[in-house]
Amino acid sequence: MVSQKEVSAMKGTKVLMVGAGGIGCELLKTLALSGFEDIHIIDMDTIEVSNLNRQFLFRKSHVGQSKAKVARDAVLRFKPNISITPYHANVKDNTFDVDFYKQFNVVLNGLDNLDARRHVNRLCLAADVPLIESGTTGFLGQVTVHVKGKTECYECQPKTAPKSYPVCTITSTPSKFVHCIVWAKELLFAKLYGDKNQDNDLNVRSGGASGSSDHVEDVFERKADEDIEQYGRRIYDHVFGYNIEIALENKETWKNRTRPRPIYVRDVLPDQLSQPQPNGHVDGSECAVGDLSSVSAMSSLSLKNPQDIWSLMENTKVFLEAFKLFFTKRQEDIGNLVFDKDDQLAVEFVTAAANIRASSFGIPLHSLFEAKGIAGNIIHAVATTNAIIAGLIVIEAMKVLQNDEKNYRTTYCLEHPTQNMLLMPVEPSEPNKACYVCSESPLLLEINTNRTKLGDFVEKIVKAKLGMNLPIIMHGSVLLYEAGDDLDDDMVAIYTANLEKVLSQFPTPITSGSMLTVEDMQQEFTCKINIKHREEFDEEKEPDGMVLSGWTQAPPPKESNPSNGENKANTSLSEPLNADSDDEVEVYVPEPVAKKRKHSDITKETEEEEEDELVVLPDANLDFKKKKLV
Amino acid sequence: MGMEGEELTEQETALYDRQIRVWGADAQRRLSKSHVFVGGMKGAVAEFCKNIVLAGVGSLTLADDRPVNEEALWANFLITPDESVYAGKSVAEVCCDSLKEFNPMVHVTIEKGNISSFDEEYFNKFDIIVISCCSLETKNLINEKCRGLLKRVGFYIVDCKGSCGEIFVDLKTYTYSKKTEGETLECQLRYPSYEEAVAVPWKRLPRRMSKLYFALRVIEKFEQAEGRNPGETSEVDLPGVLKLRKELCGAHDVAESFVPESLLARLVTDTREFPPVCAILGGILGQEVIKAISGKGDPVKNFFLFDVMDGKGKVEDVSPFK
């Protein structure tokens with residue numbers, strides 16, 4: 001394995017690394033030490049403070065700089081005579097096309113989101129370059145090898161959709177803290193500080209008889225000359241008091257559930273305390289533009305430890321104080337704010353709002369630290385696992401470069417030994433003959449062709465489900481739609497008009513029996529979709545109003561609605577999978593491991609939170625019990 | 001490990017955010033009060049040091065008086081191959097300078113002198129002792145000094161030989177809480193010393209035991225018998241190693257094929273550390289040390305073995321006790 005011959009074989013090879021984050025830093029170091037001399041690395045991210053605990057090539061002084069470039073410079077310090085080419089760019093950029101990929105002997109992924117992983121998978125298939133994939137979360141990790149025609153591609157096995165929740169669970173019947181977080185972040189926060197034109201389900205109440213939307217819309221607007229303190233209290237009383245009273249009117253809902261308790265400011269804050277008492281930290285001139293940490297309700301209220309769980313009274317104070325600070329110190333942001341885990345005031349507001357709602361529904365309260373993790377989809381990450389995974393990637397890369405096919409392995413890094421192993425290799429699976437990506441199997445789409453517009457199909461299927469970046473849609477030889485920057489204005493006008501057309505109303509109608517060809521030139525990926533007309537869809541279970549099959553989607557996580565989660569067209573209650581761009585997500589770990597982890601004594605999460613972990617754990621198709629152990 | 005209940009600073013919470021989400025604030029506080037010693041700074045140890053400095057231990061003391069040369073650079077990313085930087089410095093000194101930069105909150109220092117001459121009182125200052133590239137005598141000597149102390153000092157040996165690697169763990173008597181189906185169990189593990197472990201008759205060990213374990217014992221004995229430094233072997237030594245295998249297998253009453261010749265041949269020839277294996281060993285060892293300091297999680301008892309050839313990272317319990 002380490003003979004001189006093999007080491008010199010590494011010298012002539014050219015590798016592409018995608019991602020210079022947690023795995024990327026470790027990987028670049030190990031590649032350089034192992035004798036690789038021509039390494040290209042793509043990463044669009046810049047360095048953040050929370051990266052420094054594991055991305056060891058970066059220092060505090062590098063915060064804000066390109067990860068790819070800083071990583072290169074750091075590695076050249078101990079390996080000066082090799083070539084490292086950094087790209088501070090998005091891997092989905094047009095410059096990284098099939099020809100770009102063809103120059104490499106192997107591609108190594110240390111990515112943090114499903115979208116980019118799928119994109120790289122397709123380019124590797126198109127360029128016929130072997131791909132080594134990896135992922136970690138906490139003490140768990142895995143490395144897989146994808147060689148066209150030899151082993152399965154990254155998309156041969158369905159990937160569990162991002163966690164999402166039925167609308168009514170969020171708006172009316174939360175039963176877990178995460179439901180309160182989603183409500184506070186996606187609905188209340190968005191309603192108060194976000195884009196007013198976005199649809200928002202905040203006032204959707206199951207069976208709320210008096211919920212005429214005209215009436216409730218106005219409630220959130222500040223009245224003329226309304227005092228900011230009054231305004232905050234009115235919003236508080238409306239969402240935590242009045243809305244709960246209304247919800248309680250629907251007896252049917254609460255038959256088998258614990259009835260929530262309406263909460264009003266006056267009940268929580270005795271009169272003398274109901275005026276917030278800033279302790280001097282807040283001062284009009286203090287807020288530096290662009291510094292998200294400079295305005296904080298916690299510091300105004302002298303709350304220090306983010307690990308403390310605040311009482312209902314403290315949460316109420318934080319809520320009112322954060323509300324006031326948004327309207328007094330962050331006024332210019334209001335109307336276009338999107339929740340950001342690095343925005344201290346936003347995290348404080350969401351924590352407080354979620355806790356007050358949790359209190360109303362009898363759900364245990366959580367600290368700001370925990371709430372931030374849930375709201376920001378923060379993935380647990382430690383240096384040790386990343387280092388181990390990087391070592392395993394290099395070992396597989398060397399096998400791939402030597403065409404040592406029979407020794408390719410998928411390796412799992414486990415937290416607890418299974419069959420005495422902490423590192424468990426299994427033989428990789430063969431390509432899935434029904435994979436719509438690496439085989440040419442057509443897909444089937446059930447859709448109401450008399451009602452659905454082409455635009456819905458593009459957003460909900462082509463982009464959200466098939467992960468295409470710049471799609472072209474053909475019906476026979478007729479070009480229906482094309483995306484790209486280099487189109488004529490005439491064509492753009494035609495395509496824009498087509499997006500608004502209902503499928504059956506095209507000159508050549510698209511209806512049962514039609515076959516659409518969808519292609520992404522950049523990904524060099526084409527797939528065929530057979531259309532089947534269907535009149536009715538279950539609004540709760542099939543909210544897209546269309547069902548794609550032929551490629552088996554992973555079973556939805558408990559209590560979730562798979563299609564809803566992929567609906568990016570408007571406000572969705574799903575958790576975006578790639579929200580935290582500095583961490584690796586999606587580790588596919590065999591079932592027994594996932595079970596074990598639940599009882600882990602290292603992570604301090606409760607089981608309840610564990611279920612809501614965004615990282616995908618159980619995956620029946622990767623169950624190693626079915627595989628031959630090597 | 002007493003808990004003074006001091007809170008983490010804001011700076012620590014921000015820096016360690018992602019890992020506190022893995023092991024909790026309590027474990028992070030314990031880490032920041034712990035003191036770690038390492039002797040022998042080669043690739044696997046460099047990886048380990050990086051991991052625990054990033055994790056935020058209180059202090060790390062490095063011992064390795066070798067001068068920096070070509071040999072020392074191999075697999076060690078803590079050394080900048082620039083003579084103007086390392087001239088006149090020991091490996092420990094150069095590594096210390098690099099490690100300090102990784103995390104300003106960790107106190108990294110060096111210790112000069114031969115580690116086998118350090119006394120019990122010296123080791124008593126630490127919570128964790130890690131040694132690498134030592135002779136069998138030194139391993140036993142330092143292990144016994146640690147075991148002789150009143151407080152528990154976690155003792156570890158890590159070595160990477162080509163594409164193979166091994167970690168030995170001695171936590172003396174180790175108690176930890178283990179959560180299983182709804183209840184918390186107090187678990188107690190009793191560790192043998194290195195000397196006791198390697199003396200366990202091979203016949204008594206499980207049939208599916210990693211062959212690497214036995215092969216490494218043969219090599220270790222060979223180096224001891226020949227008065228070689230660890231890793232000072234080459235192809236020409238294979239006949240001598242095979243002769244020793246015959247003797248050892250005879251003494252343990254097992255067939256010679258018990259220790260495959262191909263594996264021994266690899267171990268005598270590929271003596272340079274293989275960087276990916278260093279990363280794996282340093283990662284596993286880092287995790288083990290974090291477990292021991294925080295008192296959370298099942299620690300390895302008492303060997304971890306990895307071979308690139310089969311890709312398995314195995315935990316083996318080699319103990320004379322029931």
Side-chain angles (χ1 to χ4, degrees), chain A residues 1-3 26 29-30 32-34 49-50 52-54 56 59-60 75 77-80 138-139 304-307 369 373 378-395 398 407 409 411 413 415-417 420-425 583 599-604 630, chain B residues 7 13-25 43 47 50-51 54-56 75 77-82 101-104 162-163 177-181 270 272 274-280 282-284 286-287 290-291 296-298 300 304 306 308-316:
Chain A
M1 201 60 216
V2 254
S3 72
E26 295 289 337
K29 170 257 302 164
T30 305
L33 290 174
S34 304
V49 171
S50 63
L52 305 178
N53 80 317
R54 63 195 185 286
F56 78 103
R59 305 282 169 269
K60 204 157 186 190
V75 168
R77 281 175 63 195
F78 63 82
K79 266 287 177 190
F139 295 116
K304 294 246 158 56
N305 191 349
Q307 310 257 0
F369 179 82
I378 295 174
I379 304 305
H380 310 154
V382 283
T384 50
T385 316
N386 289 336
I388 295 166
I389 289 300
L392 293 169
I393 294 172
V394 176
I395 290 169
M398 290 185 173
N407 284 316
R409 292 291 179 270
T411 307
C413 177
E415 182 175 355
H416 304 283
N420 276 3
M421 281 181 267
L422 280 174
L423 301 176
M424 176 183 275
D583 287 298
H599 308 291
S600 136
D601 42 1
I602 292 243
T603 57
K604 50 175 273 183
V630 288
Chain B
E7 285 180 8
T13 309
L15 176 65
Y16 301 134
D17 184 282
R18 296 304 186 272
Q19 67 199 36
I20 293 174
R21 292 177 195 281
V22 177
W23 52 60
E47 288 279 352
K50 169 205 69 189
N51 294 335
L54 291 173
F77 58 91
L78 297 175
I79 306 174
T80 303
D82 177 352
E101 290 180 25
F102 289 178
N103 187 348
S163 48
S177 54
K178 183 177 185 169
K179 288 186 197 120
T180 47
E181 314 288 332
D270 293 347
R272 271 215 296 202
F274 184 42
V277 177
C278 291
I280 291 166
I284 298 281
Q287 251 154 248
I290 290 164
K291 281 183 203 168
K296 289 183 172 185
D298 322 280
V300 163
F304 172 81
F306 180 79
V308 169
M309 278 310 199
D310 63 11
K312 291 177 189 169
K314 291 191 87 180
V315 177
E316 303 286 5

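Labels below follow one simple rule: chain letters A, B, ... track the order of the sequence lines, proteins then strands, and each chain is numbered from 1.
Both the backbone and the side chain of B/Leu15 come within contact range of chain A, each with at least one heavy atom under 4.5 Å from a heavy atom of that chain. For a residue to count as touching a neighbouring chain, one of its non-hydrogen atoms must lie under 4.5 Å from one of that chain's; by this rule A/Leu392 touches chain B with backbone and side chain alike. For a residue to count as touching a neighbouring chain, one of its non-hydrogen atoms must lie under 4.5 Å from one of that chain's; by this rule B/Leu78 does not touch chain A. Residue B/Thr13 touches chain A through its side chain alone, counting heavy-atom pairs closer than 4.5 Å. Using a 4.5 Å cut-off between heavy atoms, B/Asp17 touches chain A through backbone and side chain atoms alike. Both the backbone and the side chain of B/Lys314 have a heavy atom closer than 4.5 Å to some heavy atom of chain A. In this structure, the portion of B/Glu47 lying under 4.5 Å from any heavy atom of chain A is its side chain and not its backbone. For A/Lys304, no part sits under 4.5 Å from any heavy atom of chain B, backbone or side chain.
Counting heavy-atom pairs closer than 4.5 Å to chain B, the top-ranked of the candidates A/Arg59, A/Lys79, A/Glu26 is A/Arg59. Ranked by heavy-atom pairs shorter than 4.5 Å toward chain B, the options A/Ile393, A/Leu33, A/Val382, A/Thr30 are led by A/Leu33. Interface summary for chain A: among B/Asn103, B/Ile284, B/Asp82, the most heavy-atom pairs under 4.5 angstrom belong to B/Ile284.
Taking each heavy atom of A/Pro417 and B/Val315 in turn, the nearest pair found is CG-CG2, 4.1 Å. Closest non-hydrogen pair, A/Ala32 versus A/Val75, comes out as CB-CG1, 3.6 Å. For B/Pro275 against A/Ser34, the heavy-atom pair with the smallest separation is CB-OG, 3.6 Å.
When atom types are taken as modelled, the side chain of A/Lys60 and the backbone of A/Val49 share no donor-acceptor pair closer than 3.5 angstrom. Under a 3.5 Å cut-off, the side chain of B/Asn51 and the backbone N or O of B/Gly282 do form a donor-acceptor pair.
Annotation: side chain of A/Met398 is not in contact with side chain of B/Val308 (no heavy-atom distance under 4.5 Å). Taking 4.5 Å as the limit, every side-chain heavy atom of B/Gln287 sits out of range of all side-chain heavy atoms of A/Leu422.
Using the six-membered ring where Trp is involved, B/Phe102 and A/Phe56 have ring planes that are perpendicular, over 60° apart on the 30 and 60° scheme.
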